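Chain letters run A, B, ... following the sequence lines, proteins first and then strands; every chain starts at 1. These numbers were taken from a predicted model, which means no experiment stands behind them.
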There are 2 protein chains.
Amino acid sequence: MQSIPFPSAEVTSVLDDLRRIVRVLRESSREAEARLGVSGAQLFVLRALSGAGSSSLNALAARTHTHQSTVSVVVKRLVEHGLVESTVSERDARRIELQLTSKGRGVLARAPRAGQDRLIDGIEGLSRSERRTLASALHRLVETMGLLDHEPEMFFEEAEPAARAKKKQGQRRGTT
Amino acid sequence: MQSIPFPSAEVTSVLDDLRRIVRVLRESSREAEARLGVSGAQLFVLRALSGAGSSSLNALAARTHTHQSTVSVVVKRLVEHGLVESTVSERDARRIELQLTSKGRGVLARAPRAGQDRLIDGIEGLSRSERRTLASALHRLVETMGLLDHEPEMFFEEAEPAARAKKKQGQRRGTT
DNA sequence: ATCGATTGCATGGGGACCCATGCAATCTAG
DNA sequence: CTAGATTGCATGGGTCCCCATGCAATCGAT
């Protein structure tokens with residue numbers, strides 16, 4: 001009948017579920033935007049920033065697992081809206097130091113989690129064992145897909161300039 | 001320390017893993033595009049079309065779980081590239097009938113699965129039990145999130161015009 | 001037959017993402 | 001000290017996705 005080697009039912013199921021989830025994330029992003037004036041991505045960045053005192057753009061990109069250029073744009077908006085303050089670093093003029101403004105902190109407070117809300121609630125709505133199962137199963141998948149080398153990040157607060165300059169040249173992002 | 005009610009470790013883990021997966025999907029989309037000239041989304045639509053003889057735009061949108069306007073654009077590109085043929089329906093002039101061209105069929109054949117490749121491979125790379133675990137855990141999540149009412153779709157081939165017009169008015173997409 | 005709903009698509013607007021580049025500031029050799 | 005390699009960001013280009021609209025065709029009811 002169909003010319004395509006059909007993936008197993010589970011595969012399709014997983015794919016579909018992922019699709020739905022992504023979709024919801026998008027939806028709640030809009031919702032957040034309507035409610036607070038900031039999109040999900042912006043909130044996400046804001047959040048990442050809140051735990052870091054001040055960080056550079058690249059650091060932020062790493063923490064959020066998104067591309068530098070993307071974060072750049074998001075941050076630009078946040079700055080325009082006065083939620084984040086960006087100052088050129090003293091010790092390195094090409095680097096910027098990002099920091100939440102009180103206004104930004106306020107927004108974050110008013111929207112503790114917004115964005116991934118439903119997802120988070122959903123996850124937390126599972127029984128503890130289900131949750132663990134999901135987490136590990138998903139992680140196994142990510143592992144199988146070889147995505148772990150993309151590192152967990154968010155460990156080195158990286159406050160210091162270059163200094164340590166660990167010259168791992170394999171650090172490139174795209175596999176290209 | 002942190003002003004934010006921190007989600008449990010598992011939650012963050014799941015969120016992070018999802019992020020990575022989505023990212024890979026995006027990546028392979030680009031890859032597909034570079035290799036075949038068609039993006040992941042386009043391939044996805046092509047695929048959906050391949051199992052349906054011919055379908056209208058809305059039907060396609062439903063099958064792919066994406067918005068009509070999105071599909072409209074994607075299809076436009078496919079048509080421009082000669083992979084899909086669009087003809088105005090005889091019985092209803094505002095509806096269009098989409099159909100794969102032989103060229104489109106060819107592309108599909110040369111890229112049986114491309115796009116979700118890595119993800120699919122990843123899922124299939126899991127042991128049978130792991131896979132089942134993942135599928136059900138994820139599904140439980142989706143269920144908990146109340147996303148199931150968004151229906152599985154892709155069951156009614158819906159070849160006939162309006163005719164059956166099942167008037168389920170709860171069918172709206174956005175929750176707005 | 002006619003006027004007001006309803007469809008079915010197309011478009012414009014906006015956000016998120018990524019890649020490739022451009023550019024300035026730094027670092028590193030010589 | 002100076003030229004070349006390397007950062008750190010910003011921009012432009014392109015795709016995807018959604019929403020709100022606009023417009024034409026169809027349906028419905030009077």
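Listed in residue order, the members of residues 75-85 of chain A having a heavy atom less than 4.0 Å from DNA chain C are R77(A).
In this structure S72(A) satisfies the side chain to side chain donor-acceptor pair (under 3.5 Å) test with no other residue, sequence neighbours excluded. In this structure S129(A) satisfies the side chain to side chain donor-acceptor pair (under 3.5 Å) test together with S127(A), sequence neighbours excluded. With sequence neighbours left out, the side chain to side chain contact (heavy atoms under 4.5 Å, CB included) criterion links I96(B) to L57(B), S86(B), L98(B). Considering only residues two or more places apart in sequence or on other chains, T87(A) meets the side chain to side chain contact (heavy atoms under 4.5 Å, CB included) condition with E85(A), E97(A). Every residue meeting the side chain to side chain contact (heavy atoms under 4.5 Å, CB included) condition with K76(A), not counting sequence neighbours, appears here in chain and number order: E80(A). Residues passing the side chain to side chain donor-acceptor pair (under 3.5 Å) test with R77(A): none are found, sequence neighbours excluded. Scanning for salt bridge (Lys or Arg N to Asp or Glu O under 4.0 Å) contacts around R94(B) gives D92(B), with sequence neighbours left out. T64(A) pairs by the side chain to side chain donor-acceptor pair (under 3.5 Å) definition with T66(A), not counting sequence neighbours.
In this structure, V22(B) belongs to a hydrophobic cluster whose other members, linked by side-chain heavy atoms under 4.5 Å apart, are V22(A).
At the phosphate of dC9(C), OP1 or OP2 sits under 4.0 Å from a side-chain N or O atom of N58(B).
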Contact list (N/O, under 3.5 angstrom) for nucleotides 12-14 of chain D vs protein:
none

Which pairs, protein N/O on one side and nucleotides 24-28 of chain D N/O on the other, fall under 3.5 Å?
| residue | atom | partner | partner atom | Å |
| --- | --- | --- | --- | --- |
| dT26(D) | OP1 | A93(B) | N | 2.9 |
| dT26(D) | O4' | R94(B) | NE | 3.4 |
| dT26(D) | O4' | R94(B) | NH2 | 3.1 |

